[in-house]
Each structure stands twice: as structure tokens, then as C-alpha cells.
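To keep things clear, I will list the structure first and then write my remarks on it.
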There are 2 protein chains.
Amino acid sequence: MKMHNPPHPGEVLRELCIDPMGLSITEAAEALGVSRKTLSAILNGHAGISPEMAVRLSLAFGTSSESWLNQQSQYDLWEAEKKRKSLKVRKLSAV
Amino acid sequence: MKMHNPPHPGEVLRELCIDPMGLSITEAAEALGVSRKTLSAILNGHAGISPEMAVRLSLAFGTSSESWLNQQSQYDLWEAEKKRKSLKVRKLSAV
DNA sequence: TAACCCGTAACGTTATACGTTACAGTTCAT
DNA sequence: ATGAACTGTAACGTATAACGTTACGGGTTA
């Protein structure tokens with residue numbers, strides 16, 4: 001019940017890692033072992049952080065893979081919750 | 001550092017909700033508003049719990065969507081971590 | 001035996017994470 | 001100042017996965 005419109009994880013990645021370290025997309029993408037396009041898409045909100053990417057970020061930046069993937073989950077869930085009222089689901093009661 | 005080979009969320013769903021309530025896949029799928037195939041795939045580990053499915057489960061069973069999606073994240077991450085050593089990533093040091 | 005319900009396999013559709021290539025804008029060296 | 005090198009992103013193609021529809025084999029029951 002604490003969710004507050006979480007920012008896209010790509011924003012966080014840029015503001016917490018890329019920008020402070022003065023990295024270009026090209027440099028960071030090379031270090032992560034992915035294409036410039038892949039990283040660019042994440043930073044611009046056109047792609048999410050995949051489980052494998054979370055591990056890559058963990059290796060490159062020394063953070064926990066869990067924290068990156070959880071951020072993505074919270075973001076995805078926030079989007080999915082917007083449709084909650086429009087979903088046709090019948091409540092199942094215990095016995 | 002606490003991860004212990006998490007079970008597939010479909011197993012948990014079956015053991016915690018479907019079985020105890022004596023529901024068939026057909027009944028549960030209908031209540032959730034998805035096809036029998038979709039629920040069957042999840043319960044047998046052939047599909048994961050999507051963000052939208054997490055919200056559906058939340059509506060049908062009165063649980064939190066977050067808990068379902070987090071379970072899936074932990075499972076996906078466990079799988080991704082298996083490849084950690086084979087990923088070619090260069091560590092980026094601060095300054 | 002026939003009608004019915006159940007779970008799952010087969011097939012098609014759509015979305016997304018990835019790479020390769022191509023392109024427009026900068027910077028820099030000649 | 002003109003050409004080379006680099007940067008970020010758009011365009012296009014591929015693979016995987018979540019979904020629905022349909023079809024099928026195995027029970028139960030009338």
C-alpha cells in the first residue's frame with residue numbers, strides 16, 4: 001500500500017550510476033556487455049530491466065541484482081494496477 | 001544472500017490456493033478471467049506470473065499482488081544468477 | 001455406449017528484449 | 001573548414017513468452 005508512482009528504473013539507473021560516474025552510453029554499454037541500443041532503450045524508458053540485465057548491473061556497479069529487479073517489478077505492477085478495476089475477476093472465498 | 005532455490009510460483013499457487021480450496025483448473029481459470037490453458041501453464045511451470053496475473057490473483061484470492069509478483073521475480077532472478085559467472089561484464093569503479 | 005467435463009498439446013497473435021545496421025549531430029585533427 | 005571519428009537513437013530482424021482458440025485423450029456418469 002506504499003506505492004507512489006515509482007519512476008522508470010532507467011531513470012534511476014541514469015541518475016544513480018551513469019551520470020554521477022560521468023559515463024557515456026557507449027562506455028557503460030560496452031562494460032555491461034550489451035549493445036548501445038539496448039542500454040539506450042532502458043535509459044529512455046523504452047525497455048525494462050530484465051533479470052539478466054539486473055545481474056549485469058550488479059556485476060558492473062557492485063549493487064544487488066535483487067534491488068534492480070525489484071524496482072522493475074514495482075514499476076510493472078504500478079502499471080498493471082491501473083487496470084485493476086477493469087479486470088473481470090470473480091472473488092473466490094475460502095469454503 | 002538469502003535465496004534458497006525458490007519454488008516456481010505456480011507450485012505455490014497450487015498448494016496455497018487451488019488445492020486447499022478444492023478448485024479445478026477450469027473453475028479457477030474462469031474466476032480469474034483467463035483461459036484454462038493460461039492457468040494450466042502457470043501451475044505446471046511452463047509460464048510465469050505476469051504483472052496482470054498478479055493483480056488477478058490479488059482480486060480472486062484477496063492477497064497482495066506484490067507478493068505474487070515478488071515471488072516470480074525471485075524465481076526469475078535465481079535462474080538469471082546461474083549465468084552470473086559466464087557474463088562478460090567489466091566492473092565500473094567510482095571515480 | 002454416449003454425453004459430458006477435465007487438463008493439456010498444437011497453433012496463431014502480440015509484445016518485448018536483444019543484436020545489427022543505418023543515420024543525424026558533435027567533436028576534433030588536419 | 002572539411003573530413004574522420006565518435007555519440008545517441010531510429011529502423012529492421014529474431015527469439016522468447018504470455019495470451020486466446022481449437023482440438024484431443026482420459027475420466028465420470030447417465
Side-chain angles (χ1 to χ4, degrees), chain A residues 8-11 13-15 17-19 21-60 65 68-69 71-73 75-83 86-89 92, chain B residues 8-11 13-15 17-19 21-60 65 68-69 71-73 75-83 86-89 92:
Chain A
H8 190 281
E11 272 184 57
L13 176 57
R14 172 170 264 148
E15 292 168 8
C17 302
I18 308 292
D19 282 353
M21 295 178 69
L23 295 167
S24 68
I25 292 185
T26 302
E27 289 170 320
E30 191 182 340
L32 288 165
V34 300
S35 70
R36 289 178 293 166
K37 172 197 162 66
T38 295
L39 181 56
S40 172
I42 291 172
L43 294 178
N44 290 295
H46 300 313
I49 293 180
S50 66
E52 182 181 307
M53 182 60 69
V55 177
R56 289 183 188 276
L57 292 172
S58 164
L59 284 165
S65 57
W68 288 112
L69 199 57
Q71 271 186 59
Q72 186 64 48
S73 289
Y75 181 81
D76 292 340
L77 196 52
W78 177 264
E79 296 299 319
E81 285 285 358
K82 291 178 182 173
K83 298 180 209 155
S86 68
L87 295 179
K88 304 211 178 81
V89 176
L92 291 166
Chain B
H8 190 281
E11 272 183 59
L13 175 56
R14 172 171 265 148
E15 292 168 11
C17 303
I18 307 292
D19 282 353
M21 295 179 70
L23 296 167
S24 68
I25 293 185
T26 302
E27 289 171 320
E30 191 182 341
L32 288 166
V34 300
S35 69
R36 289 178 292 167
K37 170 197 163 65
T38 295
L39 182 56
S40 171
I42 291 172
L43 294 179
N44 290 295
H46 299 314
I49 292 180
S50 66
E52 181 181 307
M53 181 61 68
V55 176
R56 290 183 187 275
L57 292 172
S58 165
L59 284 164
S65 56
W68 288 112
L69 200 56
Q71 271 186 58
Q72 186 64 49
S73 290
Y75 182 81
D76 292 341
L77 197 51
W78 176 264
E79 296 299 320
E81 286 285 357
K82 291 178 181 174
K83 299 181 209 156
S86 68
L87 295 179
K88 303 213 177 79
V89 176
L92 292 166

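So you know, we letter chains A, B, ... as the sequences are listed, proteins then strands, and number each from 1.
- Nucleotide C:dA17 holds its C1' atom 12 Å from the CZ atom of A:Arg56, rounded to whole Å.
- B:Glu27 CD: more than 12 foreign heavy atoms inside a 6.0 Å radius.
- Phosphate contact (OP1/OP2 of C:dC18, side-chain N/O of A:Ser50, threshold under 4.0 Å): present.
- When rounded to the nearest whole Å, the span between CG of A:Leu32 and P of C:dG19 equals 11 Å.
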With side-chain contact (heavy atoms from CB on, under 4.5 Å) as the test, would you mind laying out the steps for B:Lys82 and B:Trp78 before giving the verdict? CA-CA 7 Å; B:Lys82 291 178 181 174; B:Trp78 176 264; 3.8 Å; yes

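- Whole-Å rounding puts the A:Lys83 NZ to D:dA18 P distance at 15 Å.
- Taking atom NE2 of residue A:His8 and atom C1' of nucleotide C:dA17, one finds them 12 Å apart after rounding to whole Å.
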B/S/- contact track for nucleotides 6-15 of chain C, protein heavy atom under 4.0 Å: BBB-BB----

May I have the step-by-step check of side-chain contact (heavy atoms from CB on, under 4.5 Å) for A:Leu23 and A:Cys17, ending in yes or no? CA-CA 8 Å; A:Leu23 295 167; A:Cys17 302; 6.0 Å; no

Check the pair A:Ser40, A:Asn44 against side-chain contact (heavy atoms from CB on, under 4.5 Å), reporting the backbone distance first and the verdict last. CA-CA 6 Å; A:Ser40 172; A:Asn44 290 295; 3.3 Å; yes

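- In this entry the distance linking CD1 of A:Ile42 with P of C:dT16 reads 14 Å, nearest Å.
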When the side chains of residues 48-60 of chain A are checked against the rest of the protein, which donor-acceptor pairs come out under 3.5 Å, sequence neighbours left out?
| unit_1 | atom_1 | unit_2 | atom_2 | d |
| --- | --- | --- | --- | --- |
| A:Ser50 | OG | A:Met53 | N | 3.1 |
| A:Glu52 | OE2 | A:Arg56 | NE | 3.3 |
| A:Glu52 | OE2 | A:Arg56 | NH2 | 2.9 |
| A:Arg56 | NH1 | A:Leu32 | O | 2.8 |
| A:Ser58 | OG | A:Thr63 | O | 2.9 |
| A:Ser58 | OG | B:Arg84 | NH2 | 2.8 |

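- When the side-chain nitrogen and oxygen atoms of A:Thr38 are compared with OP1 and OP2 of C:dG19, one or more of them lie within a distance under 4.0 Å.
- Look at CE on B:Met53: it is 16 Å from P on D:dA17, rounded to the nearest Å.
- With rounding to whole Å, A:Asp19 atom CG is found 14 Å from D:dG8 atom C1'.
- Across all non-hydrogen atoms, the minimal contact from B:Ala28 to B:Leu39 is CB-CD2, 3.5 Å.
- The separation between B:Leu39 atom CG and D:dA18 atom C1' is 13 Å, rounded to whole Å.
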